[in-house]
Amino acid sequence: MRASQLLLPTVKEDPAGAEAVSHKLMVRAGLVRQLAAGIYVYLPAGWRVMRKIAAIIREEMDAIGCQEMLMPVINPAEIWQQSGRWDAIHEELFRFKDRKGADMALAMTHEEVVTWLAAREVHSYKQLPQTWYHIQTKERDEARPKSGILRTREFTMKDAYSLDVSLEALQESYRKQIGAYDRIYARCGLDVLMVEGDSGMMGGSVSHEYMAYADAGEDEIVSCRECGYAANVELARAGADREAPAAVELEGEILTPGAHTIAAVSAFFGAPEGAFIKALVIMVESGGSGAGARSGGEAATPAMVLLRGDHDLGELKLRKVLGAEFRLATADEVVAAQGVAPGFVGPVPTPLPVYADEELRRGVYVAGANKPDYHLAGVTLAQVPQAVFADLREARSGDACPQCDGELQGARVIEVGNIFQLGTKYSAPMGATFLDEDGKAQDIVMGSYGIGLARVAAAAVEQHHDANGIAWPAAIAPFEVHLVLVRASDETQAALAEELYAELAAEGFDVLFDDRDVSPGIKFKDADLLGCPAQVVVGKRAAEDVVELKERAGGERRDVPHAGLAAALRELLGR
RNA sequence: CGGGACGUGGCGCAGCCUGGUAGCGCACCUGCUUUGGGAGCAGGGGGUCGGCGGUUCGAAUCCGCCCGUCCCGACCA
């Protein structure tokens, strides 16, 4: 490709409002342009990156026996109604009516279509296992698109779906996907970690997320260096603290005027926040269960959640314990339920159901006295007979590892893929069954496996860049070689550059030839911004048949004779 | 959905408070000079100031409503 003919609109300034490095660089390097909130155009160079990622994914999927197909983005409402997600998912599912007035949806993922297909085409255990996949556009009306390409309303995803006869067979399919995923991310040059995940609206039980380390990431994980335990903080088990915090050496009711936050009582008593009990009154939604239950509306019943003062609530954990959606009670609801305003609420006594974090099994604490401006000292959970104990706190950096005696470390990450053991969540309601050896109908056991291509690209930029721009991993760079002709008006240089361009292309290299008649500074800046792994500069020594070879990532440059260029490039590119 | 901010040539911004000829940098076009890290000089083109309504002799500027975009939170296969 000649730069003189390529749409590669690089810009000097960061786009207004961009925060994430990948967002700034991908716009500046001329890879993407935003059309609307969370909706992007992939320009030629950006699309090349996406195609290279797609090619790697295809190779690895095909290598474990997956079959590529293509499923439609436009879906009839019916299949989403059958799976239950038409009602379970609210604003996030794009919906519209066709000209006949029939309800339609834009697919945000393809379990419904796969299950519909399986229901019609899979009849016998002899046809299983199968794994189907496609690389397709997904549509989600995100509440808050953000960070450039990281969280968008329209995006390209590889999603694969395994169909098996049993849970054991599913686990074998799952293991094969894990192998493929490890190879895909390694080939894309990403440093990732597989962590325990939440199955969220996908349903099912076991799931894992692939997380790429990046400060711009919106997820947080904790991991243990000793034993390798790793999980999303939303879900990570928190190990018991080695020692309980120092208790306040007082008993009974104590006047604490105006101290209605943990920070305030901590300051008032001059004791660490861990010496207090944080009592949250929540409203538990009735009827709703699991993901997507509508909040508000139907009757909600109050309950109390207890945490140590220095701990934060793991909302996902609580939702799982409750088996229902919940929200924090309003001030009025707190008064109605507990007889006192927020800030002085405590568990001794309370008529409400109580859910207490495991850490509170031991220790003596100060809690709200259920009386305005009073706290109660000397509280233990033995005084709260109805308390149900559970792991309710959000894990954080510095916590003890739940599996060994190591320590958990926190990190920000981008979720670049995930895998779920769905089981029969979709096959059962949608009637996707097969006949087993005994002629008995059984629900197909399913798994689903996703990778967001744009997130892989953005994560690669986050992990591989410097002050001058992107430094792409060779396998997913828009081009392998950026051939820079320093002076287009110099006949010797131009002739050599043309010759090299033809030669390298013939050798199978993916070359961008900067043949533009612009000043050298612009060319060098653009080359560093775009970030192709190898730069070949045809300049002053063209008359001697010598060019300069620069490795973008390390910045090393050396002169290479024409004859040795192809070999040097092969070495640099690792092929 | 709650909180905050922004919207002015293609891009990044100033002007708005205190109403009175729409400005800067980059990009773009022409010419000449230049050519190894975003060149110089000269000339030039391009803007219903997000939209609608109001106040006023007069609105980019003040007021109201709406739309769009970004940030924090809620939410998030």
Side-chain angles (χ1 to χ4, degrees), chain A residues 9-20 23-24 27-28 30 33-39 80 83 85 88-93 107-112 136 138-148 150-153 155 157-159 161 197-204 207 209 218-219 232 234 291-296 315-316 319 325 327-328 415 417-420 422 425-426 448-452 455 467-469 484-490 493-494 514 516-529 535 537-542 547-548 550 555 557 559:
Chain A
T10 56
V11 281
K12 266 195 251 190
E13 285 163 308
D14 288 335
E19 306 263 316
H23 185 192
K24 293 176 185 173
V27 171
R28 288 225 291 131
R33 285 294 183 266
Q34 181 179 346
L35 206 214
I39 301 182
W80 288 78
S83 73
R85 291 160 107 193
I89 298 169
H90 306 123
E91 309 292 288
E92 209 178 345
L93 181 65
M108 50 200 297
T109 174
H110 282 78
E111 280 76 10
E112 279 78 3
Q136 175 65 295
K138 298 288 180 286
E139 310 285 348
R140 292 183 195 174
D141 198 355
E142 286 285 350
R144 185 143 98 84
K146 57 185 283 201
S147 306
L150 277 178
R151 184 164 211 85
T152 54
R153 295 193 291 173
F155 58 97
M157 182 164 98
K158 181 286 298 181
D159 42 326
Y161 303 86
D198 164 43
S199 31
M201 83 172 180
M202 298 300 306
S207 78
E209 296 170 335
E218 50 186 352
D219 283 298
N232 197 307
E234 293 180 338
R294 191 182 292 274
S295 58
E315 296 185 19
L316 189 59
R319 206 172 295 140
E325 291 294 312
R327 61 181 168 79
L328 278 181
E415 182 184 352
N418 49 34
I419 55 181
F420 296 92
L422 297 173
K425 179 178 163 82
Y426 294 89
S448 81
Y449 316 91
I451 293 179
R455 284 188 172 188
N468 295 318
V484 177
L485 166 58
V486 175
R487 279 187 69 162
S489 58
D490 181 306
Q493 290 184 19
D514 194 346
R516 295 174 300 169
D517 186 14
V518 297
S519 77
I522 291 177
K523 297 189 174 194
F524 293 134
K525 290 288 185 190
D526 277 353
D528 284 351
L529 228 200
Q535 295 175 11
V537 180
V538 179
K540 285 173 187 152
R541 297 188 66 188
V547 297
E548 184 178 280
K550 175 177 162 184
R557 44 178 100 185
D559 285 346

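Numbers restart at 1 for each chain; the letters A, B, ... are given by sequence-line order, proteins then strands.
Projected onto RNA chain B by closest heavy-atom contact, A:Asp14 and A:Asn418 fall at different nucleotides, the more 5' of which corresponds to A:Asp14.
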Tabulate protein N/O versus nucleotide N/O from nucleotides 65-72 of chain B, keeping only pairs under 3.5 Å, one per line.
residue: B:U69; atom: OP1; partner: A:Ala37; partner atom: N; Å: 2.8
residue: B:U69; atom: O3'; partner: A:Gln34; partner atom: NE2; Å: 3.3
residue: B:C70; atom: OP1; partner: A:Gln34; partner atom: NE2; Å: 3.0
residue: B:C72; atom: OP2; partner: A:Arg144; partner atom: NH1; Å: 3.0
residue: B:C72; atom: OP2; partner: A:Arg144; partner atom: NH2; Å: 2.9

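A:Glu234 has its CD atom 9 Å from the P atom of B:C75, to the nearest Å. If you measure from atom CE of A:Met108 to atom P of B:C75, you get 16 Å, rounded to the nearest angstrom. Protein atom CD of A:Glu142 is 15 Å distant from nucleotide atom P of B:G73, rounded to whole Å. Protein atom CD of A:Glu13 is 16 Å distant from nucleotide atom P of B:G10, rounded to whole Å. Atom-to-atom, CZ of A:Arg327 to C1' of B:C1 comes out at 14 Å; the value is rounded to the nearest Å. If you take CG of A:Asp219 and C1' of B:C75, they are 13 Å apart, rounded to a whole angstrom.
The partner of B:A60 cannot be assigned: no Watson-Crick or G-U wobble pair with both contacts below 3.5 Å exists in any strand. Across all strands shown, B:U21 remains unpaired; no Watson-Crick or G-U wobble contact has both distances below 3.5 Å. Across all strands shown, B:G31 forms a Watson-Crick or G-U wobble pair with B:C41, both key distances being under 3.5 Å. When both distances must be under 3.5 Å, the Watson-Crick or G-U wobble mate of B:G7 is B:C67. Within the shown strands, B:G73 is the pairing partner of B:C1 under the Watson-Crick or G-U definition, both distances less than 3.5 Å.
Between the side chain of A:Lys158 and the main chain of A:Tyr449, a donor-acceptor pair closer than 3.5 Å is present. For the pair A:Arg28 (side chain) and A:Glu13 (backbone), a donor-acceptor distance under 3.5 Å is absent.
The line from CE of A:Met108 to CH2 of A:Trp80 is 6.0 Å long, rounded to the nearest 0.5 Å.
Here A:Arg487 does not pair with A:Asp517 in a salt bridge; the nearest charged N to carboxylate O distance is not below 4.0 Å. One finds a salt bridge joining A:Glu142 and A:Arg151 here, because a Lys/Arg side-chain nitrogen approaches an Asp/Glu carboxylate oxygen to under 4.0 Å. Taking a cutoff of 4.0 Å between a charged side-chain nitrogen and a carboxylate oxygen, A:Glu91 and A:Arg144 do not qualify as a salt bridge.
Checking A:Gln535 against A:Asp528 by side-chain atom types alone, a donor-acceptor pair falls below 3.5 Å.
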Working for side-chain hydrogen bond (donor to acceptor under 3.5 Å, both in side chains), residues A:Ser207 and A:Glu209: CA-CA 7 Å; A:Ser207 78; A:Glu209 296 170 335; 5.9 Å; no

Contact state string [nucleotides 31-41 of chain B, B base, S sugar-phosphate only, - no protein heavy atom under 4.0 Å]: ----BBBBS--

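Contacts of A:Glu315 with the nucleic acid, taken as non-hydrogen atoms under 4.0 Å apart, involve only primed sugar atoms and P, OP1 or OP2.
Residues satisfying the ring-ring contact (aromatic ring centres under 6.0 Å, His included) criterion with A:His110, sequence neighbours excluded, are A:His134.
For B:C75, the OP1/OP2 oxygens have a side-chain nitrogen or oxygen of A:Arg319 closer than 4.0 Å.
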